[in-house]
Structure formats: structure tokens, C-alpha cells
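Have a look at the structure below, then the notes.
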Amino acid sequence: MFKRLLYSSADPSRIGASVKSFLVGFIPVIVLLTGWDIEGASAVINAIVDIVALTLSIVSSATFLLGMLRKVQLGRWTARD
């Protein structure tokens, strides 16, 4: 049920327009209700971006290291082996 609301009916690989418009409208409402100024909202958004970037960097580094350890363990260094 949630997937049908989240994804576009025309192209299931894309997020639906209703979700995008909700998010675009939701952020200014939160800023108005909390009394944040532009600098405060920018700081929160920058912190979220930094957390996401750090998380993705850690995941990609761990995936790389596990892949290299697997190559060493199996002794496979080329596609021909």
C-alpha cells in the first residue's frame, strides 16, 4: 500500500508527484511553525546532508573492503580465473 503512494504510477522507478509536492510544501510549513530563520534551516539541512554522505561513505567503504577480502580469500584477481 505504501509503495503505491510513494512511487509514480507512470514510472514506478520514480517518486510520485504527490510525494514531491508534499515535501516541497511541508518544509516551509515546518520552518514557519518552529520560527526558524534561513540560517537555522540551512544548518539543519546541511547536517542531514552530512549524515547521509557519511553513512553512504561508510557503507561503500565497508562493501569495498569486504569485496577485497573476498578476492584475497578466494584468490581471484582477474575475470579469467
Side-chain angles (χ1 to χ4, degrees):
M1 171 77 179
F2 182 70
K3 285 185 179 181
R4 282 193 276 176
L5 295 174
L6 184 64
Y7 295 109
S8 170
S9 58
D11 184 5
S13 66
R14 299 182 60 137
I15 299 217
S18 59
V19 174
K20 289 179 188 176
S21 61
F22 173 77
L23 291 175
V24 167
F26 184 68
I27 292 172
V29 169
I30 293 298
V31 169
L32 287 173
L33 291 177
T34 59
W36 282 351
D37 54 356
I38 297 298
E39 290 80 23
S42 294
V44 170
I45 291 171
N46 287 337
I48 292 170
V49 168
D50 289 342
I51 290 170
V52 169
L54 177 65
T55 302
L56 292 176
S57 297
I58 290 171
V59 168
S60 65
S61 297
T63 303
F64 171 77
L65 289 174
L66 289 174
M68 289 304 293
L69 288 173
R70 186 168 182 262
K71 277 188 173 288
V72 169
Q73 180 184 10
L74 296 176
R76 295 183 183 166
W77 295 101
T78 62
R80 290 178 264 141
D81 289 343

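In this chain, numbering begins with 1 at the start of the sequence shown. These figures come from a predicted structure and were not determined experimentally.
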For this session: I would like to know whether D50 and L54 meet side-chain contact (heavy atoms from CB on, under 4.5 Å); could you show each step before the answer?
Result: CA-CA 6 Å; D50 289 342; L54 177 65; over 6 Å; no

Problem set entry | Results of side chain to side chain contact (heavy atoms under 4.5 Å, CB included) for L56 - residues two or more places apart only | V52

Exercise. Going hydrophobic residue to hydrophobic residue with side-chain gaps under 4.5 angstrom, can you get from M68 over to L65?
Worked result: yes

Seminar exercise, completed: Hits for ring pair (Phe, Tyr, Trp, His ring centres under 6.0 Å) against F64, two or more places apart or cross-chain, chain-then-number order -> none

Run the side-chain donor-acceptor check on residues 39-49: report pairs under 3.5 Å with partners two or more places apart or on a different chain.
| residue | atom | partner | partner atom | Å |
| --- | --- | --- | --- | --- |
| S42 | OG | I38 | O | 2.9 |
| N46 | ND2 | S42 | O | 3.2 |

